[in-house]
Amino acid sequence: MLHPIAIAHTPFKEKFAIPRQPSLAPAACGIIELLPPFNDPLALEGLNQVSHIWLLFEFHAVGAQDHSLRVRPPRLGGNEKIGVFATRSTHRPNGIGLSVVKLDKIEGTRLYVSGVDLLDGTPIVDIKPYVPYVDAVASAYNRIAQTPPSCVQVSFSFDAQQQAQQHSQRLAQDVQALVEQCLAQDPKPAYQKPEPTRQYGVKLWDIDVRWHYLNATHIEVINLSGSAV
Ligand code: SAM
């Protein structure tokens, strides 16, 4: 039986547009907050000597029965099926995820991390230090995901750029970089063609981000409305 030892606070209020792996959006900052009875700084002693950590977490926003033995990973265009254990799909028999993230600082029982791919409120079941001499395998390969996914171009309308600056000051976060890095991953389903007349949207922090496609490889962010902007 696993019990959450911490909870993740992240900008991602919904699953749509979360990067599909950690570090694809380095501007995605989060806080991992230890939960009782583990919320004692003693549990983190020594961790300040580590640049990156592994987070093991529960895909809590996937239904318990929502898994199958073969899945359609976005890397294969979203149409081709392969075995679930050959993928990092969220739809797996035990809904456990693992992500390596940068540990920026520790304050008390809070870990400030960046490069997260976790939904806000994700229960963390373990934290482990990244150990380069074992975890970075020089001879490793993965023929399904050989290179990082290709990106689309992201530009901002004048209004959206102004709004991003205001939100950045208010939240003390680089909002423009976060939006740019998340949308560059082209969050719409891989099998879907962009509809030129359609507006897409997602909530990051408390900001409603709206964008449309100028063409298949170019997104324009048109509005970032939210508290006080
Ligand atoms: N790096 C992890 C891994 O390999 O196990 C997660 C990879 S998974 C493909 C990443 C996606 O999981 C994100 O794009 C997001 O949509 C989804 N996700 C993140 N946190 C989640 C949660 N708590 N519950 C359900 N889905 C989540």
Novice: Measure across Ala8 and Ile32 and return the closest heavy-atom pair with its distance rounded to 0.1 Å.
Specialist: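 Distance-wise, the nearest heavy atoms are CB-CD1, 3.8 Å.
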Novice: Using a 3.5 Å distance criterion without hydrogens, assess whether the side chain of Ser168 forms a donor-acceptor pair with backbone atoms of Val175.
Specialist: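 Yes: the side chain of Ser168 pairs with the backbone of Val175.
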Novice: Count I, L, V, M, F, W, Y as connected when their side-chain heavy atoms are under 4.5 Å apart, and connections chain through other members. Are Leu171 and Leu204 then in the same cluster?
Specialist: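 Linked within one cluster.
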Novice: Rest of the hydrophobic cluster containing Val125 (Ile/Leu/Val/Met/Phe/Trp/Tyr, side-chain heavy atoms under 4.5 Å)?
Specialist: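 Leu2, Trp54, Leu56, Ile96, Leu98, Val100, Tyr130, which link up through side-chain heavy atoms under 4.5 Å apart, make up the rest of the cluster.
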Novice: How many angstroms lie between CD in Gln176 and CD in Gln181, if you round to the nearest 0.5 Å?
Specialist: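 Going from the CD atom of Gln176 to the CD atom of Gln181 covers 10.5 Å.
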Novice: Would you say Leu47 and Leu35 are hydrophobically clustered, going by side-chain heavy atoms of ILVMFWY under 4.5 Å?
Specialist: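 Per the 4.5 Å side-chain linkage, Leu47 and Leu35 are not co-clustered.
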Novice: Answer yes or no: does atom CG of Leu42 have more than 12 heavy-atom neighbours from other residues, nucleotides or ligands under 6.0 Å?
Specialist: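 Correct, the count exceeds 12.
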Novice: Check whether any side-chain heavy atom of Lys102 lies under 4.5 Å from a side-chain heavy atom of Pro26, and answer yes or no.
Specialist: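 Not touching, per the 4.5 Å side-chain cut-off.
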Novice: Is a donor on one side and an acceptor on the other found under 3.5 Å between the side chain of Asp40 and the backbone of Ala43?
Specialist: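 No; zero donor-acceptor contacts below 3.5 Å.
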Novice: Looking at OG1 of Thr87 and NZ of Lys81, how far apart are the two atoms once the value is rounded to the nearest 0.5 Å?
Specialist: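 If we round to the nearest 0.5 Å, Thr87:OG1 and Lys81:NZ are 12.5 Å apart.
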Novice: Can you confirm whether Ile219 sits close enough to Leu214 that some side-chain heavy atom of one is under 4.5 Å from a side-chain heavy atom of the other?
Specialist: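 A side-chain contact is absent here, since even the closest heavy-atom pair is not under 4.5 Å.
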Novice: Does Lys128 pair with Asp135 as a salt bridge, N-O distance under 4.0 Å?
Specialist: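 So Lys128 does not pair with Asp135 through a salt bridge.
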Novice: Assigning hydrophobic clusters by single linkage (Ile, Leu, Val, Met, Phe, Trp, Tyr; side-chain heavy-atom cutoff under 4.5 Å), is Ile53 placed with Phe57?
Specialist: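 Looking at the clustering, Phe57 is in the same group as Ile53.
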Novice: Judged by modelled atom types alone, do Ser155 and His218 share a side-chain donor-acceptor pair under 3.5 Å?
Specialist: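 Checked: Ser155/His218 side chains pair up, N/O donor to acceptor below 3.5 Å.
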Novice: When you compare the side chain of Val202 with that of Cys182, does any pair of heavy atoms fall below 4.5 Å?
Specialist: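 When only atoms from C-beta onward are counted, Val202 and Cys182 do not touch, as no gap falls below 4.5 Å.
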Novice: Working to the nearest 0.5 angstrom, can you tell me the gap between Glu180 CD and Gln153 CD?
Specialist: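 One finds 9.5 Å between CD of Glu180 and CD of Gln153.
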Novice: Is there side-chain contact between Leu76 and Ile144, with heavy atoms separated by less than 4.5 Å?
Specialist: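 Of all side-chain heavy-atom pairs linking Ile144 with Leu76, at least one is under 4.5 Å.
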Novice: Does any part of the side chain of Phe59, heavy atoms only, come nearer than 4.5 Å to the side chain of His91, both counted from C-beta?
Specialist: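 No, every pair of side-chain atoms sits at 4.5 Å or beyond.
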Novice: With a 6.0 Å cut-off (strictly less than), is the heavy-atom count around CD of Gln146, excluding the residue itself, greater than 12?
Specialist: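 Result for CD/Gln146: enclosed.
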Novice: Can you name the one residue among Leu103, Val101, Leu111, Val113 that meets side-chain contact (heavy atoms from CB on, under 4.5 Å) with Ile127?
Specialist: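 Single pass found, and it is Leu111.
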Novice: Should Tyr200 and Val154 be regarded as members of a common hydrophobic cluster, given that ILVMFWY residues are connected when their side-chain heavy atoms come within less than 4.5 Å of each other, either directly or indirectly?
Specialist: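 Per the 4.5 Å side-chain linkage, Tyr200 and Val154 are co-clustered.
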Novice: Got a second to check how far Ile124's CD1 is from Ile5's CD1, nearest 0.5 Å?
Specialist: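 Here the rounded value is 7.0 Å.
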Novice: Could you check whether any side-chain heavy atom of Tyr191 comes within less than 4.5 Å of a side-chain heavy atom of Arg72, counting everything from C-beta outward?
Specialist: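 Tyr191 does not reach Arg72 side chain to side chain.
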Novice: Check for a donor-acceptor pair, side chain of Glu14 on one end and backbone N or O of Lys203 on the other, with a separation under 3.5 Å.
Specialist: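 Pair found, side chain donor or acceptor close to backbone of Lys203.
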Novice: Checking side-chain contact (heavy atoms from CB on, under 4.5 Å) for the pair His167/Trp205: CA distance, chi angles, key distance, verdict?
Specialist: CA-CA 10 Å; His167 288 302; Trp205 298 115; over 6 Å; no
Novice: Any side-chain heavy-atom pair from Ile18 and Leu119 closer than 4.5 angstrom?
Specialist: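 Yes, side chains in contact.
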Novice: Within a 6.0 Å radius of atom CG on Asn79, are there more than 12 heavy atoms belonging to other residues, nucleotides or ligands?
Specialist: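 Yes, enclosed.
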Novice: Could you state the interatomic distance from NZ (Lys188) to NZ (Lys193), rounded to the nearest 0.5 Å?
Specialist: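 It comes to 8.5 Å.
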Novice: How long is the gap from CD on Gln163 to CD on Gln165, to the nearest 0.5 Å?
Specialist: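 That separation rounds to 11.0 Å.
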Novice: Are Ile207 and Ile222 grouped together when hydrophobic residues (ILVMFWY) are joined by side-chain heavy atoms under 4.5 angstrom apart?
Specialist: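 No, it is not one cluster - the side chains of Ile207 and Ile222 are not joined through contacts under 4.5 Å.
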Novice: If you count the non-hydrogen atoms of other residues, nucleotides and ligands that lie under 6.0 Å from CD in Gln192, is the total more than 12?
Specialist: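 Enclosed.
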Novice: When you look at His60 and Thr122, which way does the side-chain contact (heavy atoms from CB on, under 4.5 Å) test go after all the steps?
Specialist: CA-CA 6 Å; His60 74 304; Thr122 294; 3.8 Å; yes
Novice: Give me the atom names and distance for the closest heavy-atom approach of Phe12 to Ala28.
Specialist: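 Looks like CZ-CB, 3.8 Å.
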Novice: In the structure I gave you, are the side-chain heavy atoms of Trp211 and Val179 within less than 4.5 Å of one another anywhere?
Specialist: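 No - every pair of side-chain heavy atoms lies 4.5 Å or more apart.
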Novice: Taking only residues at least two apart or on different chains, which pairs with a member in residues 133-160 satisfy ring-ring contact (aromatic ring centres under 6.0 Å, His included)?
Specialist: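 Qualifying pairs, neighbours excluded: none.
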Novice: Can you name the closest pair of heavy atoms from Pro194 and Tyr213 and give their distance?
Specialist: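 Closest approach of Pro194 to Tyr213: CB-CG, 3.3 Å.
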Novice: Give a yes or no answer on whether the side chain of Asp120 reaches the backbone of Thr10 with a donor-acceptor pair at less than 3.5 Å.
Specialist: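 It does hold such a pair.
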Novice: What are the two closest non-hydrogen atoms of Gly108 and Leu44, and how far apart are they?
Specialist: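 Minimum heavy-atom contact is O-CD1, 3.5 Å.
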Novice: So which heavy atom on Gln185 is nearest to which on Pro149, and how close?
Specialist: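 Scanning both residues, the minimum pair turns out to be OE1-CG, 3.9 Å.
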Novice: Of all the heavy-atom pairs spanning Leu34 and Ala6, show the shortest one and how long it is.
Specialist: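 Of all heavy-atom pairs spanning Leu34 and Ala6, the closest is CA-CB, 3.9 Å.
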